[in-house]
Amino acid sequence: MIIIGELINASRKAIGAAIEGKDAEAIKKVARDQFEAGANFIDVNAGIFVGEEPAYLKWLVETVQEEVDAPCAIDSPDPKAIEAGLAVHKGTPMINSISLEKERYDKLLPILAGTDLRVIALCMSDEGMPETVEDRLKIADKLVNGLIQKNVKVENIFVDPLVQPISVNNTFGVEFLDSVEEIMKRFPGIHTACGLSNISYGLPARKFMNQAFMVMAIAKGLDGAIMNPLDQKMMANIIAAEALAGKDKFCMSYLKAFRAKKFEV
Ligand code: THG
């Protein structure tokens, strides 16, 4: 599982305050904690600061990279903000995200063309949020083919089929899961990723719902997630589910995690 640590997100109260107060030490601690817990990318999102998002994202990228040796996932719907973060990023970050929304697509495609940037291709268009597998696959096809045509490698693309709350419509879980399966089948070598916790929005005991959904998604081939790596039960579930999905030869990772006491949570 490619883990994208979600905790540096301005919509979280403490993080919003730390960003506004330029409290670098607070941000660095959250970056380090996620890195040490196993995050492969550190997501940075300053989405609540309308108008100032580019400047804040730039500061977040610099601050995180002073602390940890991991690339960022630069998380914004605004291409200008993404460019600002990208300009100061050392190494190859992940762009979170391109979508089929015209303005976003037209501005981000040339930035991605011919590079080794990793990119999340979010299944959203100007027609709104997809609901069915068919809606998602239509968008995914266009996004993936567009990126490949611009010399983005398939293995650098993470399709996000878009998780929607199960509290809104009881089919949203299955539509998402079947989309993951179909996308992984249709484009060999590609990745899928998502903000998994959207599934439990509006419900109590969200952690259980999130963990169960993660296990089901791994069974369908999900291999990336924007998530909280400090949730040790979630991390343990991922290790077990990946072994069960046939992704862990001789259960080596499972056994290693056991010896490191990762299941004693
Ligand atoms: N797809 C893509 N990018 C995304 C999302 C997506 N970026 C934003 C969002 N959705 C994913 N990021 C977050 C960040 C924080 C939280 C949820 C999603 C959040 N965190 C809990 C909190 O603040 O209390 C902590 C989580 C926990 O303790 O388990 O709510 O869908 N491409």
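This one's a predicted model, so the numbers in the text were calculated from it and none came from an experiment. In listed order, ligands and their atoms are each counted from 1.
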Looking at [X], I want to see if its [atom1] is surrounded by more than 12 non-hydrogen atoms of other residues, nucleotides or ligands under 6.0 Å.
X: Phe49; atom1: CZ; answer: yes
X: Met184; atom1: CE; answer: yes
X: Glu66; atom1: CD; answer: yes
X: Asp116; atom1: CG; answer: yes

Yes or no: does [X] have any heavy atom under 4.0 Å from an atom of ligand 1?
X: Ser197; result: yes
X: Lys207; result: yes
X: Val163; result: no

Query raised in the report: Of all the atoms in ligand 1, which lie at a distance below 4.0 Å from a heavy atom belonging to Asn96?
Result: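 Those qualifying, in numeric order: 2 (C), 3 (N), 32 (N).
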
Query raised in the report: Short list, please: which atoms of ligand 1 are under 4.0 Å from a heavy atom of Asp75?
Result: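 The list of qualifying atoms is 4 (C), 7 (N), 8 (C).
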
What's the shortest distance from [atom] to any protein heavy atom, and which residue and atom give it?
atom: atom 18 (C) of ligand 1; answer: Glu6 OE1, 3.3 Å
atom: atom 27 (C) of ligand 1; answer: Asn228 ND2, 3.2 Å
atom: atom 22 (C) of ligand 1; answer: Arg12 NE, 3.5 Å
atom: atom 11 (C) of ligand 1; answer: Ile226 CG2, 3.8 Å
atom: atom 1 (N) of ligand 1; answer: Asp160 OD2, 2.7 Å

Query raised in the report: Is atom 30 (O) of ligand 1 close to the protein, meaning a heavy atom under 4.0 Å from it?
Result: no

Report task. Measure from atom 9 (C) of ligand 1 to the protein's non-hydrogen atoms and state whether any distance is below 4.0 Å. Result -> no

Query - Validation row: Leu162, Met124 side chains within 4.5 angstrom (heavy atoms) - result: yes

Do the side chains of [X] and [Y] get close enough for a salt bridge, i.e. N-O under 4.0 angstrom?
X: Lys185; Y: Glu181; result: no
X: Lys58; Y: Glu62; result: yes
X: Glu175; Y: Arg136; result: no

Query raised in the report: Which bit of Asn198 is near ligand 1, meaning a heavy atom under 4.0 Å away: side chain, backbone, both or neither?
Result: side chain

Query raised in the report: Is the Phe158 ring parallel, tilted or perpendicular to the His191 ring (thresholds 30°, 60°)?
Result: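 Parallel: the ring planes of Phe158 and His191 meet at under 30°.
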
